[in-house]
Every structure is written in C-alpha cells, then in structure tokens.
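The block underneath contains the structure these notes are about, expressed in structure tokens.
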Amino acid sequence: AMTLSGKDRGKMKSVLKTRKVDLKLGKKGLTSNFLEEAKKVISVDKMIKVSLDSDKRKRKEQTQVFAQTLGLSHISTVGRTASFCLVDES
C-alpha cells in the first residue's frame, strides 16, 4: 500500500542522488543495531541512503527486508548504494 506518485518519486530521487551515504551495512548484515541507527536517521530526514553488500543477490534481499522492516519505499539503487524514503500511509 506504500506507493509514491511519479512526481514525488522523481523529486525524492534527485534529493537522494546528492545525499551522502548515511549508513554502511557491516559484515553482520541487517542487525538490530543497524536498524536502530537507520530509524534515527529516518525519524529526522524521512529518508535514508545505505551502502549494502557487494553481492548482488544478497543486496536485493537486504533491500527488500530493509524496506519492509522499516516501512520504507525503495527509491533507487546505484551500485551497492540503495536509497529509501518513508511513505506516509495516509
């Protein structure tokens, strides 16, 4: 149910493009610690940019789990850097 209009998505994409990476995922993956740190960033900025695993399959899985766990919309992935934003359920 969490979708963005094309216009909003485009706006988000350009904002996130110039944003620095907020968090780098460590060897342990999506730990509760990592998710807590992510929540802090999201509560302030309503968006987050994370650096994920170098393995493409793992990265795809991490992207889905991360978005689902935190109620985010996946905006884009460039290389191993994925961008997400919080979508209001209203």
Side-chain angles (χ1 to χ4, degrees):
M2 289 178 291
T3 50
L4 279 178
S5 73
K7 202 172 79 176
D8 286 345
R9 184 173 279 271
K11 227 179 345 192
M12 273 292 170
K13 223 173 185 167
S14 60
V15 170
L16 282 157
K17 192 176 254 174
T18 56
R19 186 181 177 93
K20 285 192 169 75
V21 171
D22 293 294
L23 289 173
K24 282 192 167 81
L25 193 66
K27 297 238 187 305
K28 291 180 184 137
L30 294 168
T31 60
S32 54
N33 198 13
F34 183 86
L35 293 170
E36 282 308 312
E37 286 301 312
K39 276 180 195 164
K40 284 181 201 162
V41 175
I42 294 156
S43 68
V44 175
D45 293 344
K46 307 276 184 264
M47 62 179 74
I48 190 166
K49 197 169 186 175
V50 292
S51 179
L52 300 171
D53 204 284
S54 53
D55 181 283
K56 199 172 182 179
R57 273 184 319 217
K58 277 190 195 162
R59 200 163 57 231
K60 200 170 181 182
E61 189 189 338
Q62 288 166 350
T63 299
Q64 287 172 336
V65 174
F66 187 71
Q68 281 167 357
T69 307
L70 299 177
L72 303 171
S73 177
H74 174 230
I75 299 297
S76 66
T77 298
V78 179
R80 54 192 290 185
T81 307
S83 297
F84 304 85
C85 77
L86 192 63
V87 181
D88 292 325
E89 296 253 26
S90 55

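Side-chain atoms are counted along with the backbone in the values below, which use heavy atoms only and exclude waters and symmetry mates. Model, not experiment: these values are computed from the prediction.
Expressed to the nearest 0.5 Å, how far OG1 of T81 lies from NZ of K17 amounts to 13.0 Å. Between the CG atom in L70 and the CD1 atom in I42 there is a gap of 4.5 Å [rounded to 0.5 Å]. Expressed to the nearest 0.5 Å, how far CG of D22 lies from NZ of K40 amounts to 13.0 Å. Going from atom CG of L16 over to atom NZ of K11 covers 13.0 Å, rounded to the nearest 0.5 Å. In this structure, CG in D53 is found 14.0 Å from NZ in K24, a value given to the nearest 0.5 Å. The CG atom of L72 sits 7.5 Å away from the SG atom of C85 when rounded to the nearest 0.5 Å.
With T63 as the fixed residue, the side chain to side chain contact (heavy atoms under 4.5 Å, CB included) test singles out one of Q68, K58, H74: H74.
In this structure a side-chain-to-backbone donor-acceptor pair under 3.5 Å is present from R80 to L52.
Put simply, the side chain of L25 does not reach to within 4.5 Å of the side chain of F66, judged on heavy atoms. Here the side chains of V65 and Q62 are not in contact, with every heavy-atom distance at 4.5 Å or above. Side chains of S73 and R9 form a contact here, defined as non-hydrogen atoms less than 4.5 Å apart.
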>> side-chain contact (heavy atoms from CB on, under 4.5 Å), that's the test. Do R19 and D45 meet it? Break it down for me.
In response: CA-CA 11 Å; R19 186 181 177 93; D45 293 344; 2.7 Å; yes
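Among all heavy-atom pairs drawn from S54 and R59, the shortest one is O-NH1, 3.2 Å. Taking each heavy atom of V15 and T18 in turn, the nearest pair found is O-OG1, 3.1 Å.
Taken together through direct or relayed side-chain contacts under 4.5 Å among Ile, Leu, Val, Met, Phe, Trp and Tyr, L86 and L35 form part of one hydrophobic cluster.
Residue E37 qualifies as enclosed at atom CD: its count of foreign heavy atoms under 6.0 Å is above 12.
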